*Asks:* 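Structure provided below as structure tokens; questions to follow.
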Amino acid sequence: MTEPSVLLEQISVRLEGRPILQDVSLSINEGEFIVILGPNGAGKTTFLKLLLGLVRPSSGRIEVLCRTPERGQQAIGYAPQHRALDADLALRARDLVGFGLDGHRWGISWPNRSRQDKIDQALAEVDALELADVPIGQLSGGEQQRLLIAQALLTDPCLLLLDEPLANLDLTHQQEAVALVERVCRTRSVTVLLVAHDINPLLSVTDRVIYIARGHTAIGKPEEVITSRSLSQLYGSPVEVVHTQDRYFVLGAEV
Amino acid sequence: MFALLKFGFIQNTILAGSIVAIATAVLGYFLVVRGLTFAGHALASIGFAGAAGAVLIGAAPVYGMLVFTVGASLVISLLGREVRERDIAIGVIMTFALGLGILFLSLYHGYAEQAYSILFGSIVGISRSDVLRSGLLSLGVLAAIAVMARPLLFASFDPDLAEARGVPVHALGSVFLVVVALTISIAVQVIGVLLVFALLVGPAATAARLTYRPGRAIAIAILLGLAYTWLGILLASISPWPVSFFIAVLSFGVYLPVRLLVRPRGRRAAHPHGPAGLAPGLPLEEQRHA
């Protein structure tokens, strides 16, 4: 049995005095595909930032890839939640993806063949090679999202943290993105934690889900966690889950 | 025109102007990318108060500028971390500093020429030692920017992501503002407080419309900055009008048509066969069959 990729023991997080996560314990194995669900503002992004070392727990023990998380780890690939970019932003798609490779290093980036090749390869992986020289401000939300994923893959991470990567994508591109992340997860044995609003496009690929609500979490297989009983307990109010034709619908709660 | 170059003061002005043009063009690019152009303008006005204070106590204006602009840049980065917050902090600090500057000027009963040249720049007041000092400061500024360039761009694009990758985003932002303060203190000698924007933002903003490659944009900004400065000095030396007027006119006169006429290079030009390369005007179906 290998060491878990992520290990949380009785972790609590407070931001500006407000409790965000309370007493969370869970363990995620290497190569697992985990989808993180929960209502807006429940702490999904904070959970990812905790693993990145950007947010410190107020109590509890946390280990990510066998060490206390700290910023700047090459072994973690991160694609933050997409935000609208200035249409005049004077950078090309290639520059954005390149940040994933060496954006944190001091100095100037000189054009260089092997760097170029790596960036092209990452762009090809998300099917965005033809966007390489387009200014990022002119790309659609979905295209920018794919670049963020490419950027996260560049350092060959062992752990991939994706914050709402499907949010700006239409159905076709959602399926493509899911297939891409699954391929990375399975072939390279990369642990994936993916924040999403809807479990359904991810049902066929996810191993387990983490549901976050009211500062508490539930982890398990989708059919264990996304049930009326488990979610009612988590929300502290009646929630009805309809499971039909291999799709889940959560009713009576803001999901 | 070449006869002009024989005058020592013109040589000094051209040297100092060229140094200033290069430093401001490089800095300007990062100001434009970071959405900090207002801070550039405000720091110059704040520097005016420092210069007026220095004149009042009989020191060289540039030292007063350095103290005030560097101090203000530190306060700004302390007060405002969010963009919106930051612009308010900058505006409040700027008006306070301008108030001080006006007070210092009214207390000063000497020769008003010095205050005038702080506000509008001057082509006659520049000595060899000024040139040397500007050169050294500019070298420092350019070296600092060369070291910070990549993480600074990264942090401008996405601070969260940059922080996750280990970029000290806040510290970098503060150091950058201090470097802006230094650059402005140098630039004011030639262009003056009121029109620093013309060299700091004009060339970089124009360049950023002409290319999306950071390296090229900086190179174009430097060329534009040098051209405005040289032409400005030439025109000012053969006319009674101030150099900063000509530089501001050139800066505006080039930016305006570029802004209006140069469309951001669209995806169509770059990828004639891509999905976005469909010709406008034709129904989609016909284009697919074409």
Side-chain angles (χ1 to χ4, degrees), chain A residues 45 48-49 51-55 69-74 76-83 85-96 98-111 129-140 143-144 147-148 151-152 154-155 161 163, chain B residues 26 29-30 32-35 83 142-169 172 204-218 220-221 259 263-277:
Chain A
T45 298
L48 293 190
K49 288 193 169 172
L51 305 185
L52 286 163
L54 295 177
V55 167
E70 63 182 53
R71 52 192 70 179
Q73 278 204 63
Q74 297 279 317
I76 304 180
Y78 171 49
Q81 206 165 352
H82 170 79
R83 54 193 176 81
L85 293 169
D86 181 1
D88 284 341
L89 198 58
L91 286 174
R92 295 164 300 161
R94 165 187 302 293
D95 300 315
L96 189 173
F99 285 143
L101 192 63
D102 53 17
H104 58 288
R105 275 197 232 142
W106 301 108
I108 300 168
S109 33
W110 301 103
L129 201 52
E130 80 280 3
L131 305 177
D133 293 310
V134 180
I136 45 183
Q138 290 178 24
L139 298 176
S140 72
E143 288 165 333
Q144 292 177 359
L147 297 179
L148 284 175
Q151 164 277 132
L154 255 181
T155 48
L161 306 178
D163 201 346
Chain B
V26 175
Y29 175 75
F30 290 93
V32 169
V33 172
R34 288 178 75 77
V83 176
L142 291 177
I145 285 294
V147 171
M148 296 194 293
R150 191 162 39 193
L152 196 60
L153 269 184
F154 190 10
S156 317
F157 161 68
D158 194 321
D160 275 353
L161 187 56
E163 201 171 14
R165 294 303 303 274
V167 175
V169 174
L172 201 61
T206 307
R209 304 257 349 151
L210 292 174
T211 174
Y212 287 100
R213 296 166 181 245
R216 275 191 204 173
I218 290 173
I220 294 176
R259 178 73 179 79
R263 293 186 175 277
R265 259 191 318 134
R267 305 170 51 170
R268 197 169 167 236
H271 311 283
H273 305 298

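These numbers were taken from a predicted model, which means no experiment stands behind them. Below, read A as the first sequence line, B as the second, and so on, with proteins coming before strands; counting in each chain starts at 1.
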*Asks:* Supply the atom-to-atom distance A:H104 NE2 to B:L161 CG, rounded to the nearest 0.5 angstrom.
*Replies:*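 Taking NE2 in A:H104 and CG in B:L161, the distance rounds to 11.5 Å.
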*Asks:* Can you tell which part of A:L161 gets under 4.5 Å to a heavy atom of chain B, answering side chain, backbone, both or neither?
*Replies:*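 For A:L161, no heavy atom lies under 4.5 Å from chain B.
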*Asks:* Just so I understand: if I count every heavy-atom pair under 4.5 Å between each of B:A162, B:S156, B:G215, B:P151 and chain A, which residue has the most?
*Replies:*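 Highest number of heavy-atom pairs under 4.5 Å: B:P151.
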*Asks:* Against chain B, label A:I108 side chain, backbone, both or neither, depending on which of its atoms sit under 4.5 Å from a heavy atom there.
*Replies:*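 For A:I108, the contact with chain B is made by backbone and side chain together.
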*Asks:* Hey, which of B:V147, B:V167, B:V33 has the most heavy atom pairs under 4.5 Å with chain A?
*Replies:*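 Going by pairs under 4.5 Å, I would pick B:V147.
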*Asks:* To the nearest 0.5 Å, what is the distance between OH on B:Y212 and CG on A:D133?
*Replies:*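 Those atoms lie 13.0 Å apart.
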*Asks:* Which region of B:A146, side chain (C-beta onward) or backbone (N, CA, C, O), has a non-hydrogen atom less than 4.5 Å from a non-hydrogen atom of chain A, or is it both or neither?
*Replies:*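 Both the backbone and the side chain of B:A146 come within 4.5 Å of chain A.
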*Asks:* Chain A heavy atoms under 4.5 Å from B:L153: which part of the residue, side chain, backbone, both or neither?
*Replies:*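 Both backbone and side chain of B:L153 come within 4.5 Å of chain A.
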*Asks:* What is the distance from atom CE of B:M148 to atom CH2 of A:W106, rounded to the nearest 0.5 Å?
*Replies:*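 Reported to 0.5 Å precision, the distance equals 8.0 Å.
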*Asks:* Just jot down the salt bridge (Lys or Arg N to Asp or Glu O under 4.0 Å) partners of B:D160, sequence neighbours excluded, or say none.
*Replies:*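 With sequence neighbours excluded, B:D160 shows a salt bridge (Lys or Arg N to Asp or Glu O under 4.0 Å) to A:K49, given in chain and number order.
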*Asks:* Given heavy-atom pairs under 4.5 angstrom as the criterion, report whether the side chain, backbone, both or neither of B:A217 touches chain A.
*Replies:*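 For B:A217, there is no contact with chain A at all, as no heavy atom is under 4.5 Å.
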*Asks:* Let me confirm one number: the CZ-OG1 distance from A:R92 to B:T211, rounded to the nearest 0.5 Å.
*Replies:*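 A:R92 CZ to B:T211 OG1: 7.5 Å, rounded to 0.5 Å.
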*Asks:* Testing A:Q151, A:R71, A:Q73 for side-chain contact (heavy atoms from CB on, under 4.5 Å) with B:R165, which one passes?
*Replies:*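 Running side-chain contact (heavy atoms from CB on, under 4.5 Å) over A:Q151, A:R71, A:Q73 with B:R165 returns exactly one hit, A:Q151.
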*Asks:* Apply side chain to side chain contact (heavy atoms under 4.5 Å, CB included) to residues B:F157 and A:L91 and explain how you reach the verdict.
*Replies:* CA-CA 9 Å; B:F157 161 68; A:L91 286 174; 4.2 Å; yes
*Asks:* So, taking the atom named CZ in B:R150 and the one named CZ in A:R105, what distance separates them when rounded to the nearest 0.5 Å?
*Replies:*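 If I round to the nearest 0.5 Å, the distance is 6.0 Å.
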